[in-house]
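By convention in this document, chain letters (A, B, ...) are assigned in the order of the sequence lines, proteins followed by strands, and residues within each chain are numbered from 1.
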Amino acid sequence: MKLLAIIVGKCASFSLRLIHRGGSLPGKLALRIDPQLLSRFHYSCDIILVSGTNGKTSTSNMIADLFQTAGQRVITNRKGDNLKEGITTTLLNASSLNGKIHGDMIVLEVDELNIPYVMKHLNVSVVTITNFFRDQLDRSQEMEQLIHKIETALQDFRGLLVLNANDPNVIRIHDHAPHSEVIYFGAERCSSSLTTTSEASEGKFCPRCSELLSYRFYQYSHIGEFQCTGCDFQTPKATLTATDIDIQSGTFQCQHVAYHAPVPSLYSIYNCMAVISIAQRYHMEPEICQKVFHSVTPPAGRNETFQWQGNSYTLNLVKNPTGANEVLKTIELDQSSKALMIVLNDNAQDGTDVSWIYDAQFERVLALSTQTIICSGKRAYDMALRIKYAGYQGKLEVIEDFHAGLNALYALHMRSYVIATYTALAPVRLAMRKEG
Amino acid sequence: MYHNIMDLYGDKGNMMVLSARCQSRGIQCKIDTLEMGQPCDFSAYDLLFLGGGADREQVLLMQDLLPRRNEIQKAMEQGVMIVLICGGYQLFGQYYIAADGTKIEGLKFFDYYTEAGSDYKRCIGNIAIQAKLDNQEITIVGFENHGGQTRNVSKPLGSVLSGYGNNWDDHQEGFYNGQVLATYMHGPLFPKNPEVVDFVIYKCLKRQNPSFQRMDLIALDDTLEHHAKQVILNRLHITV
């Protein structure tokens with residue numbers, strides 16, 4: 001069965017490549033023939049798993065870059081096909097017909113809900129967790145149940161955990177994985193840290209004793225330095241800490257080495273810290289990290305700017321309140337006259353529940369300098385209501401078809417920002433590339 | 001109530017809409033947020049609102065809520081309107097048994113009780129119901145996402161046109177007894193259902209002034225609201 005599954009999967013991959021398509025279909029077909037296929041691959045190299053709510057694609061790709069820059073052969077699911085079918089496709093493409101995988105390192109971005117499956121079938125050496133935020137609650141169930149499943153999946157894990165020290169939902173994983181080693185990465189208080197938060201967050205209560213957590217400071221959302229009011233649960237002493245953070249330029253230091261994050265933001269710095277942790281573990285020189293951060297091309301639609309008739313149009317993906325807030329904070333910094341287009345879909349991959357738009361701080365971008373807001377997508381009217389009830393005074397338009405919406409945006413001839421949910425991103429980006 | 005804890009699924013949007021619709025009509029509206037441990041005279045308000053939270057948060061919340069039972073009872077006797085969403089709805093009943101088997105005793109104001117469905121199955125998706133708010137027939141749309149199955153509801157808010165409702169079986173949604181309006185509908189509830197917010201505003205004003213009529217509320221431009229509702233109704237193949 002294994003041989004047949006691999007042959008079918010490889011044939012599917014080959015045919016899809018002929019028509020310039022990738023994706024997770026080969027893995028899906030192969031798993032249908034042999035549901036245990038993932039556990040039948042042979043490999044002698046380490047597997048590094050990267051998961052968490054936000055930043056897993058960027059972090060995973062930078063870790064893959066790290067080993068590639070060091071001259072190693074890396075197998076990775078770079079395009080973010082992070083469900084079991086996509087992961088199976090990645091390994092399938094890298095294996096010979098007998099299931100042997102030739103490589104020096106396997107780096108896998110894994111969707112949070114797929115961690116139990118992957119841990120069961122693969123011999124993972126390192127588990128890296130970036131953060132846990134509320135994300136598509138209709139899919140992920142409530143945070144608590146999700147984290148509980150991950151804890152259960154890691155209870156016998158004997159490898160290395162690389163955890164965000166500033167996220168109470170992440171560090172609790174180590175409580176439940178007694179046989180594992182751990183590296184905590186964190187970031188010092190900086191100019192954008194706050195002592196109060198207005199963002200909806202998950203880190204209110206202690207995961208051990210359920211008492212309130214008290215925060216010395218917040219970096220963003222519930223990421224920060226905390227201490228339980230009822231027990232000794234608190235931010236652990238980080239193994240590696242980002243210091244001397246300059247948020248405007250994105251520079252920081254770690255163990256007296258200066259780094260420059262690919263994006264000038266705290267979340268990017270946290271991603272970098274995860275990468276630096278892995279680099280240390282595998283005895284790599286800091287120069288390799290510096291090189292990787294310098295040459296990162298942001299994933300498509302992450303702060304990607306197109307030019308058209310002398311104006312800039314910046315496209316961003318939003319998937320959940322925390323990610324959206326980070327994008328909105330960047331747009332808020334631009335005080336010039338501008339237009340905004342929001343494309344809100346509610347397909348399965350976007351999250352069918354659009355109520356998260358009330359947890360995101362759209363108030364940040366409703367100043368007078370935002371002259372027009374165009375709402376598009378399948379739930380354009382829900383988005384328009386969100387903007388209306390936030391008290392927006394500018395021109396609010398609803399154009400459900402995003403092509404028509406983009407045309408209306410271009411007709412304004414002004415600096416514009418476009419934000420799109422997951423399933424809207426690719427088609428919107430394609431349309432913007434054609435124009436731009 | 002407990003806005004910083006029970007803020008799952010954007011329920012804070014409800015108060016945003018209520019406040020904006022009062023403001024548009026020149027009706028003074030002040031919203032206070034109750035925090036855990038903070039003293040509060042519920043009878044001094046026209047409306048109490050409690051949203052939804054995750055299981056673990058509801059356990060903690062109940063410790064704070066139980067000692068306030070008499071205060072809430074007193075407020076009810078004095079005609080204070082109460083709106084409860086999801087978790088808030090469950091906590092006003094007899095008890096709630098969470099997905100992991102933990103039993104949370106409710107405030108026991110009403111006979112209904114809630115038990116989590118077996119094997120983590122949840123009621124998730126867009127929902128539309130036909131409701132009767134006093135004498136007003138309204139179609140309400142929203143999004144439901146709950147594991148809890150609420151049964152023994154003596155006075156449902158409405159009957160389900162599409163979706164699940166209180167539980168898998170009886171095609172009824174929410175609870176409404178003329179004063180307490182409880183529902184599983186997020187979305188949030190108020191933005192796409194202006195008739196419901198306005199009804200709540202009317203009930204609050206009527207408490208202050210018994211001769212106040214529903215039609216005394218100034219009509220607002222609800223074009224966007226009706227479009228948003230229509231998108232969901234079309235999706236669910238419901239013609240009203």
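When heavy atoms are compared at a cutoff of 4.5 Å, Val231(B) approaches chain A solely by way of its side chain, counted from C-beta outward. If you measure heavy-atom distances from Lys378(A) to chain B, the contacts under 4.5 Å come from both the backbone and the side chain.
Taking Lys120(A) as the reference, nothing meets the salt bridge (Lys or Arg N to Asp or Glu O under 4.0 Å) condition, with sequence neighbours excluded. For Lys329(A), the salt bridge (Lys or Arg N to Asp or Glu O under 4.0 Å) partners two or more places apart in sequence, or in a different chain, are Glu199(A), Glu326(A).
In terms of non-hydrogen atom pairs under 4.5 Å with chain A, the most contact-rich of Glu144(B), Arg235(B), Gln230(B) is Arg235(B). Highest contact tally toward chain B, considering only Asp346(A), Val398(A), Leu396(A), is held by Asp346(A) [criterion: heavy-atom pairs under 4.5 Å]. Chain A forms the most heavy-atom pairs under 4.5 Å with one residue out of Gly187(B), Ala20(B), Gly13(B), Pro188(B), and that residue is Pro188(B). Put simply, of Val354(A), Asp382(A), Ile357(A), the one with the most heavy-atom pairs under 4.5 Å next to chain B is Asp382(A).
The ring-ring contact (aromatic ring centres under 6.0 Å, His included) test with His222(A) singles out one residue from Phe133(A), Phe132(A), Tyr215(A), Phe205(A), and that residue is Phe133(A).
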ask   = So Tyr89(B) and Tyr184(B), ring-ring contact (aromatic ring centres under 6.0 Å, His included) or not? Walk me through it.
value = CA-CA 7 Å; Tyr89(B) 173 22; Tyr184(B) 274 117; 5.1 Å; yes

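Judged by distance alone, with hydrogens and angles left aside, the side-chain atoms of Arg386(A) form a donor-acceptor pair with the main-chain N or O of Ala360(A) at under 3.5 Å.
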